[in-house]
Number of protein chains: 2
Amino acid sequence: MRVETPEIFADLQRKLMTAELQPGEKLKPSELQGFYGCSANTVRDVLLRLSKVGLVEFEMQRGFRVRASTPERRGDVTRFRILLEQEGARLSMLNGGVGWEARLTAAHHKLRHIESQIARSEDVVPFMGLWSDAELEFHETLISSCGSPILRETYGDIYVQFRQQMVGLERDFGSNYFHSIIAEHQAILDAALVRDIEACRTAIYDHLKRNL
Amino acid sequence: MRVETPEIFADLQRKLMTAELQPGEKLKPSELQGFYGCSANTVRDVLLRLSKVGLVEFEMQRGFRVRASTPERRGDVTRFRILLEQEGARLSMLNGGVGWEARLTAAHHKLRHIESQIARSEDVVPFMGLWSDAELEFHETLISSCGSPILRETYGDIYVQFRQQMVGLERDFGSNYFHSIIAEHQAILDAALVRDIEACRTAIYDHLKRNL
DNA sequence: AATTGCAAAAATTTTGAAATTTCCTTGCCT
DNA sequence: AGGCAAGGAAATTTCAAAATTTTTGCAATT
């Protein structure tokens with residue numbers, strides 16, 4: 001089974017984000033090498049790049065480890081995400097034009113569609129992949145007109161880490177849960193479209209505070 | 001001339017931050033290898049880690065390049081630094097105790113001492129190294145009680161990038177310049193010590209806005 | 001004169017193994 | 001029994017060369 005480097009990266013990132021590789025677990029290039037059918041050094045390269053994203057911890061002479069998941073870190077990631085998203089949204093509301101509004105509306109429409117399906121269905125699991133993608137797109141679109149590449153990049157990294165920290169956390173995905181989520185996303189959209197900076201700030205906080 | 005990996009990292013970081021390696025310049029492992037007396041792969045490793053910090057750009061199959069310096073990026077880095085420092089200082093003012101106040105006062109005292117010397121002297125160049133270190137310590141201490149490892153780490157990275165963007169920019173380092181800097185640092189310290197969040201936010205902005 | 005195609009050169013990535021460091025087990029001494 | 005040291009196993013880092021990819025230079029065509 002021959003795999004190319006970008007695929008190794010993608011596969012490891014997915015396993016990291018779905019907790020198929022569990023927090024704290026040691027990542028040995030010499031072991032993964034066999035699985036991917038490449039040399040240990042290639043795996044090492046990929047892991048170094050994953051440590052840039054923050055999914056993996058690296059310590060010199062001590063190798064790699066799946067980033068640990070603690071209540072402290074979850075809170076830290078969440079607070080940082082809130083900071084970046086509030087600022088990104090604020091700037092987007094100041095800079096964004098109709099194009100931004102259109103893209104945001106579109107992203108929200110798709111997200112809403114999936115969330116409605118989930119709210120009606122029994123089992124959330126089969127929707128999780130699609131929902132994740134739609135959620136990410138909505139939030140990234142929200143900050144997309146902030147005019148700061150650094151903010152957008154950093155947000156992308158922290159979002160990925162957020163997912164890593166939250167997955168594996170057993171939560172009550174009852175229909176209540178998704179009804180709340182739907183309302184929260186709606187509140188963010190509404191505030192953004194009328195450029196109400198304070199309302200949007202609050203809506204973002206209310207959406208994410210459950211993870212603090 | 002045999003050099004260990006951490007020293008290669010440190011040396012490259014210094015050259016990157018002092019513009020001895022100029023923005024946009026290509027970084028070829030096969031060339032640096034000769035200079036450091038190690039293999040190309042070792043250099044590659046170091047460069048991958050420097051790209052995590054943001055000093056170096058990496059693109060698959062295209063190698064490494066010193067991060068470009070443009071007015072846009074300078075502004076972006078500066079705005080992001082302002083965001084992080086304002087939030088870090090705000091949280092520190094809420095969480096920090098006397099210990100924090102003491103460390104901040106100490107850091108400011110050292111910084112002030114060097115800045116006074118510079119303001120009296122003709123040539124700033126010989127002081128630049130010491131001043132850089134003292135400035136970094138002051139700003140890092142300011143946010144040190146924020147309680148967010150992620151914020152502190154990210155600030156560290158962005159500070160380094162800030163230096164990289166600003167060095168090489170010809171500026172008027174007349175005595176006026178350092179008199180302003182002294183006043184600005186003092187304003188930040190004063191606001192922080194009396195926990196005046198708004199004043200501190202403004203003082204940080206006023207200190208950094210010249211780079212926008 | 002500009003553009004496309006091809007071949008040579010240069011640079012990057014990958015490899016497999018050697019060298020080094022860390023980690024763990026075992027045995028010795030207090 | 002507890003702690004420390006030495007030895008061996010495992011893991012990480014480094015190396016030099018091979019394989020791959022990109023870039024460059026030159027000629028042929030439009």
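Order of the sequence lines sets the chain letters (A, B, ...), proteins ahead of strands, with each chain counted from 1. No experiment lies behind these values; they were computed from the predicted model shown.
Of the side-chain N and O atoms in A:Thr5, one or more sit less than 4.0 angstrom from OP1 or OP2 of C:dT14. Contact annotation: A:Lys26 does not reach the phosphate of D:dA10 (side-chain N/O to OP1 or OP2, under 4.0 Å). Residue A:Arg44 has a polar side-chain atom (N or O) positioned under 4.0 Å from OP1 or OP2 of D:dT13. OP1 and OP2 of C:dA10 both lie 4.0 Å or more from every side-chain N or O belonging to B:Ser30.
In the model, A:His207 has a side-chain atom that pairs as donor or acceptor with a side-chain atom of A:His185 under 3.5 Å. Between the side chains of B:Arg81 and B:Gln161, no donor-acceptor pair is found at a separation under 3.5 Å.
Closest contact between the side chain of B:Pro29 and the listed nucleotides D:dT14, C:dT12, C:dT13 involves C:dT12. Comparing C:dT13, C:dC23, C:dT14 against the side chain of B:Phe58 picks out C:dT13 as the nearest. The side chain of A:Gln61 sits closest to D:dT12 out of D:dT12, D:dC15, C:dT12.
Going from atom CE of B:Met60 over to atom C1' of C:dA11 covers 15 Å, rounded to whole Å. In this structure, B:Gln33 places its CD atom 13 Å from C1' of C:dT12, rounding to the nearest Å. Distance B:Glu31 CD to C:dA11 C1': 10 Å, rounded to the nearest Å. Distance CG (A:Asp45) to P (C:dT15): 10 Å, rounded to an integer number of Å. Rounded to an integer number of Å, the gap from CD of B:Glu25 to C1' of C:dA11 is 16 Å. Atom NZ in A:Lys28 sits roughly 8 Å away from atom C1' in D:dA11 (whole-Å rounding). Rounded to a whole Å, the CZ atom of A:Arg49 is 12 Å from the C1' atom of C:dT12. Between B:Leu48 atom CG and C:dT12 atom C1' there is a gap of 12 Å when expressed in whole angstrom units.
Contact check for B:Val77 versus B:Arg73: side-chain heavy atoms found under the 4.5 Å cut-off.
Ion pairing between a basic and an acidic side chain is recognised when a charged N comes within 4.0 Å of a carboxylate O; B:Asp11 and B:Arg14 show such pairing. Using a 4.0 Å cut-off between charged side-chain N and carboxylate O, A:Glu184 and A:Arg210 make a salt bridge.
Remark: the A:Asn41 side chain and the D:dT14 base include a donor-acceptor N/O pair separated by less than 3.5 Å.
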